[in-house]
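Data block below; observations after.
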2 protein chains.
Amino acid sequence: MVIKGSSGQACRAWQLLMRFFFAQREHLPGWAEQFGLSSIQCHALHLIEPDRPMPMSRLARALACDASNVTGLVDRLESRGVVQRVPSTTDRRVKAVGLTAAGAKLRGELLQRVAMRPHPLSRLSRAERRLLVEILEKLVDG
Amino acid sequence: MVIKGSSGQACRAWQLLMRFFFAQREHLPGWAEQFGLSSIQCHALHLIEPDRPMPMSRLARALACDASNVTGLVDRLESRGVVQRVPSTTDRRVKAVGLTAAGAKLRGELLQRVAMRPHPLSRLSRAERRLLVEILEKLVDG
DNA sequence: TATTGTTATACTCTATAACTATA
DNA sequence: TATAGTTATAGAGTATAACAATA
């Protein structure tokens, strides 16, 4: 596939990042299923820190989706027993989403499993890894 | 967010790649909408090369989804006027998905736009880009 | 018998619009 | 008036199972 535009290397790097993206997109749902969750549910669970309930509206912003979706998403997570709606004490309109004990446990396992996962990265040298981190930080934060 | 397991740097790199993944996941649908397509439809369109119709079953494998989904996906792409089902001459069971003239044009614009997109990558030095490509190749192919 | 594509069905994710209860 | 969350509705992506046509 030949593409014109930009520098050759930047373009190639971008294509590779896209291939990475679609590879993840294919593998993630199967991976998440280990935990009885969809990939977006995993993402939501990882965003909610233990003992720190997050208002639904903030969760919607963090997930970059409409607030109306969060209702159903949280419904499903709640019926799965991993989160719990807790009313705000300061604003009676607000409901926050907090982890249950089971949710905090599951989230821990999930993060642990993610951390153990990067087998392909372990083939990189120490110097390569350091540089990759530097580059990705520029990419993700910028 | 503190995670135990693996080496610190590999873990950090993996977290960054995941952040990249979810950032893309948020931005891609909006980006694809420019073309009147969903992100998966963009992905499919980019997989089908001009003058090279691809059997539905192969497309399903390439998209890593069940064959039954491809029926609807191709229906929508067909009603959008960018692809066309063409019967195989050698096996009367198979239908291949080929680009229409409009589809080939759209695909070209799409790839062009992707190529022009990597602004964050252009901030990298030449050496950084080269190394990033090397590392990503190991990651994606492995 | 096995494979290709389709249909039927069901669930999740997504958006928009209208509604309620609060602020 | 504006905001937080819900509901109703619609469309797209996903899977499984059953089916017809073909190999």
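We name chains A, B, ... by the order of the sequence lines, and we start the count at 1 in each one.
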Upstream residue (5' side of DNA chain C) when A:Thr90 and B:Arg61 are each assigned their closest nucleotide: B:Arg61
Nearest-nucleotide comparison on DNA chain C, the residue closer to the 5′ end among A:Asn69 and A:Arg92: A:Asn69
Can you tell me how far [atom2] of [N] sits from [atom1] of [X], to the nearest Å?
X	N	atom1	atom2	value
B:Arg93	D:dA21	CZ	P	14 Å
A:Leu37	C:dC11	CG	P	18 Å
A:Arg76	C:dT14	CZ	P	9 Å
B:Asp66	C:dC11	CG	P	17 Å
A:Arg85	D:dA4	CZ	P	16 Å
A:Glu33	C:dT12	CD	P	12 Å
B:Leu73	D:dA15	CG	P	12 Å
B:Leu63	D:dA15	CG	P	10 Å

OP1 or OP2 of D:dG5 under 4.0 Å from side-chain N/O of A:Ser57: yes
Heavy-atom side-chain contact between B:Ser39 and A:Arg25 under 4.5 Å: yes
Heavy-atom side-chain contact between A:Val83 and A:Leu45 under 4.5 Å: yes
A:His43 and A:His46 aromatic ring geometry - parallel, tilted or perpendicular at 30°/60° bounds: parallel
Sugar-phosphate, base or nothing in reach of B:Ser68, heavy atoms under 4.0 Å: base
Sugar-phosphate, base or nothing in reach of A:Thr71, heavy atoms under 4.0 Å: base
Test: B:Glu109 and B:Lys105 ion pair at under 4.0 Å: yes
B:Arg80/B:Asp75 salt bridge by N-O under 4.0 Å criterion: no
Pairwise 5' ranking along DNA chain D for B:Gln41 and A:Val94, keeping only the more 5' one: A:Val94
